[in-house]
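Lettering follows sequence order; numbering is per chain, from 1.
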Amino acid sequence: MSSKSLTWVVVYLISNKDSTSDTKVITEIKNLEKYDFETKIFNQGQFLDNVSYSFNIYMDELSLRISNLISKGKKVLEFFCHENIEGIVAHKHLIFDTLSPGRTPLIEGKDVKRFFINPPSNFLTWNTKEIHRTRPDYLWNAERKIVIQRISGGKKPLVCAIDLKKYKSFASTNNILLKEKYDSYYYFIAALINSDVLNWFYANNFSNNSTLTVNISKTYMDQLPIPEYSETVSFLSEVLHFVSKKGHQSEFEPVTNALIFNLYFSDHMKEKGIDVADKIEEDVRAILNKRLFKDLSVIDKENVVESLQEKWSHPDSEVRNRIKLFAVRSPEILKPILEN
Amino acid sequence: MKKIKEIRIQNFKAFQKEQIFPINGKHVLIYGNNGSGKSSLFWALYTLLQSSIKNDEDVKKYFKKYVVSDNATHQTLKNLFMNEDEVSFIKLTSLDTETAKEDTYTISNDIINTNKDDDTLIRELNLASDFINYKLLHNFYRAAHKDQVNLWSVFERDIFPFLTEGTQNWLDDIIVKLTLDIPRTPKGYAVSSTRRDSYEAELANLNLKIQALLTEISAHANSFLKDQFFQGKDVVRVSLNFEKKFRFDLIKNRIWDENKQGQRYDGLHIKLGVEIYDENKPDKWKTVERVQSFLNEAQLTRIAIGIRIGALRTRPLGEAKFKILVLDDMLISLDLSNRMDIVRIILNKEGKEDLRFFDGFQKFILTHDKGFFNLIRRNTDEEEWMYYDFNKDEKDTLAPKIKENITSLQAAIRNFDEHEFESCGNNLRKEAEAILTEYIDPEMKKLNGDFESLGSKLEKAFNMLISQRHQKFKQQFLSSIEIEKLKKIKTNYATDISLNAAEIAALDGVKLRLFDFLIELNERKNRKELLIEETKDVLDRIMNAASHLSENPLHRTELKDAIEKVKELKEHLKNDK
């Protein structure tokens, strides 16, 4: 088995008269023959609230409590998805670095940034006979899809953007199509996937906070808890996609993250005097003035961006100031996520 | 809002036996010669606030008994001359101004209750507070007078250590922690491939984060420079660019080790960019190529202060309910006039909207310049401020002698009680001068003008009151009613058929205002002109005798009257501002 990796489970059964709700979990095998293991004791009670049915045995009590709070009462991503699927696999001889007739732009995981897809530098000869896993046509013909880096890692492993250009995507990506009735949720879901909350959730529940390469699994993605739809989060996500094209995300990412915190921890943030939802919504309403961002001209969009940026970067902005107090006023929930 | 009610310090830096500062939520102004313990108070407050984001062991190290052979005790800040076993602590009692609730926070070798998750008040205080000391301008000048203006050293010494993001200190937790060393193999070699890539990605994030902070600081600095130094006009604007950033090959040299400061200051570069407004340029701004030869000291000072205030404004001042601003001889390298300009800004005496952010701070101003101390003292109010004198001979091993610096009026009352009548008279004169100076020049604009005698100040105040009275009189009684009709006010005009209803009502109004004016004029509390005249008389009688050692004995009753008169003057002129 040298230089091979595999997944295994060791169940070590012993007879024990002492019946408690504590469970001993083996976290490392030192010597199997000698039954020499590193173990960790869990109280089973702490799993009672866990409805994600995925357990990270390394997770401490605090992280488990935050995870449960994030998941509690939420539908999971799978519920909203029509498709959550890897990109294609094609041999190198089908991939070129120039575009010509018969070739189609192909994006890879590394092209996908938060709220932005770099212009593809690879072009694929679309020969369905030679391509492995061509994926259904409706994936490539969809007006929009969420593309996610599949090979990732670190403390913020989830990185996605919305593709509006019907790009073909390589197997280093996952691609999400939403169910028809959730067609208006694309920007909302993309903001959640990129958010501090769900990145923390994924890293702690599914990738053990690994700083090394992580394969973003469709199965785990499906388990991401999704809160009630927020029009304002959707708007901010749209703005982030707009400004990211111009190479900057400025004030919008922290504000979007803050609003997403508010979706998951509303009561807690109210109690601590750091809820921001009403204030962000108020600021957005005042500047949009009943207009829809998507219907605006580029100049008007830029004006909206500039006005909000000015508002949220002003030292007297309540939104800005409350965000700066998150970690201090919420040492039990927001701090572990923000200063992870 | 929360305020500091009391500070207690024992066996910490210059302090020895327990020193209590019962400041009761007031601002604090301290005068003390060099080495008298001012900076010890500065560092005591800083240490207590920073302890809120450190673990217990990192706090205890400041209070440990020094043991030569134990490196862990070498960072102790206990007083060098106290008995080694004497307990060392810093305590702070907070006061909630709405509920009057008090909480006490302590850091010592045994007790640390500032860093607990169930009470985050000191963390909030730490996040929103700022500390600026005399080194800022010194370091700024030094950095700016080199060919390449590199502000890295200024940020490393005077800005990053005082900035906190969430519960992370910018220098220790955000910058140094990641750049202390590169990741290495167990044998000490630099890691390669994925681990190196991943570390470099973290460095790139750090560099971006630093640049984002610099951009935020320069935006606030520019707005401050424009509003406070250039009357809202575009004159100068600055930019801060992190040009030489953290990189793998630099960090590999362990740049935070002792005696590696030079490598850091060469390897890291925050460029100060300066532009001046130029009508003729298409974008109206002209870049100054050689900043160090363009800026004189006054301009440089403004920029330095603008940048430092810019850094202060990155804090969530509007939302934080507890914040202090500690200035330790920050302005000492400036001349008095420039210093007062800055103090005027910080005290916001004119109540400017764009300086409101200073208002919420409980301020601690420490200075070794007695003249400066007196100027601020004269222009602040003892109801809102506490004043202290620190005194210590740098060479001796004793603790600083600290006494409350009371007002001249308070001193006069004390003198009177102790039958020191001459001193009482002199203190009354000082108080009267201070009251009049404050009344004549509330915005401290003529602080550096020529000497003005008490008599001249009294006359000025008198004239100001007369002039105000005249203005008020004009406003109330200059009427648009025709003069012939106005004359009818002396008659029984209510039944005069030559007047219409509106004219009768107008005359009624004039009459009513006239009566009110007469009554008000005759009320004693409004007779401020009279008060000044009376003060002049009583001061002439008492103080001349006191200061010229006249042989006429001072009469107890006269002094008592004078004290009351000065109190009355203070009260009335204060209310008239």
A:Asp267 and A:Lys270 ion-paired at < 4.0 Å: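 No, this pair does not count.
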Chain A contact via [X] - which portion, at a heavy-atom distance below 4.5 Å:
X	result
B:Glu165	backbone
B:Leu127	side chain
B:Arg315	backbone
B:Thr314	both

Cationic tip of B:Arg313 above B:Phe357 ring, under 6.0 Å, 45° of axis: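 Geometry flag: set, cation within 6.0 Å and 45°.
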Heavy-atom proximity to chain B below 4.5 Å, by part of A:Arg320: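 The answer is the side chain of A:Arg320.
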Structural part of A:Leu325 lying under 4.5 Å from a heavy atom of chain B: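 It is both, since atoms from each part get that close.
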Student check: side-chain heavy atoms of B:Val176 and B:Leu171 closer than 4.5 Å: yes
B:His220 and B:Glu216: side chain donor to acceptor below 3.5 Å: yes
Between B:Ser52 and B:Thr114: side-chain donor-acceptor atoms closer than 3.5 Å: no
Winner by heavy-atom pair count (cut-off under 4.5 Å) against chain A, out of B:Thr167, B:Thr164, B:Ile53: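 Most pairs with chain A among the choices: B:Thr167.
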Full working for ring pair (Phe, Tyr, Trp, His ring centres under 6.0 Å) between B:Phe162 and B:Tyr46: CA-CA 9 Å; B:Phe162 303 102; B:Tyr46 178 72; 5.1 Å; yes
